[in-house]
Amino acid sequence: MTIQLCVLLWARPGSVEALTAYEDKVLALLPEHDGRLLQRAHTADGAAPDAPAEVQLIAFGSQSGYDGFLTDPRRTAMSAERDAAIARTDLFPVTLT
């Protein structure tokens, strides 16, 4: 069963570059967990001030792959870096058409 997710990320003030750097590292782990980054977009200049800094579409081939990604010790070891850069994350399942 494929799991498809939409991830919305808001940066802490002045931390858009730190958010991007953190996500670069974390997203590199996806293939090891049967995951794929389908699309990644950064908010354009002039967007609404409350818009997320980044939007991602991610797919995992299985629940166990997703669970493995969430508990990957390399990912969890970066929690302080994540907390310093990311103010808010909204994540929800989607069906891509």
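Computed from a predicted model, the values in this text were never measured in an experiment.
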Does Q39 reach the side chain of Q56, with side-chain heavy atoms less than 4.5 Å apart? no
Give me the atom names and distance for the closest heavy-atom approach of A28 to P31. O-CD, 3.4 Å
Do you reckon L19 sits in the same ILVMFWY cluster as L8, going by side-chain contacts under 4.5 Å, direct or chained? no
Taking atom CG of L5 and atom CG of D90, what is their separation to the nearest 0.5 Å? 12.5 Å
Is there a path of hydrophobic side-chain contacts, each under 4.5 Å between heavy atoms of I/L/V/M/F/W/Y residues, joining M78 to L70? yes
L57 vs L96 side-chain heavy atoms within contact, under 4.5 Å: yes
Is any NZ, NE, NH1 or NH2 atom of the basic residue among R82 and E23 found under 4.0 Å from an Asp or Glu carboxylate oxygen of the other? no
Decide whether V94 and I3 are clustered together by the hydrophobic rule: side chain heavy atoms of Ile, Leu, Val, Met, Phe, Trp, Tyr closer than 4.5 Å, transitively. no
Could you report the tightest heavy-atom contact between A11 and A53, atom names first, then the distance? N-CB, 4.1 Å
With rounding to the nearest 0.5 angstrom, report the CZ to CG distance, R75 to L30. 9.5 Å
Roughly how far, to the nearest 0.5 Å, is the OG1 atom of T89 from the CD atom of E54? 10.0 Å
Distance-minimising heavy-atom pair for A84 and S15: O-OG, 3.8 Å
So for atom CD, which belongs to E32, do other residues, nucleotides or ligands contribute more than 12 heavy atoms lying within a distance under 6.0 Å? yes
Report, one line per pair, each donor and acceptor closer than 3.5 Å where one atom sits in a side chain of residues 62-69; sequence neighbours left out.
residue : atom : partner : partner atom : Å
S62     : OG   : S64     : OG           : 3.1
S62     : OG   : G65     : N            : 3.0
Q63     : NE2  : D67     : OD1          : 2.8

Side-chain ion pair, K25 and E81, N-O less than 4.0 Å: yes
Please name the pair of heavy atoms, one in H33 and one in D72, separated by the smallest distance, quoted to 0.1 Å. NE2-OD2, 2.7 Å
Linked, directly or transitively: V7 and L37 (ILVMFWY side chains, under 4.5 Å): yes
Determine whether L91 and C6 make a side-chain contact, defined as any pair of heavy atoms from C-beta on separated by less than 4.5 Å. no
With heavy-atom distances below 4.5 Å as the criterion, would you say the side chains of L27 and I58 are in contact? yes
CG-NE2 distance between L9 and H42, expressed to the nearest 0.5 angstrom: 9.0 Å
Rounded at 0.5 Å granularity, tell me how far OG in S79 sits from CD1 in I86. 11.0 Å
Do the side chains of R88 and D50 get close enough for a salt bridge, i.e. N-O under 4.0 angstrom? no
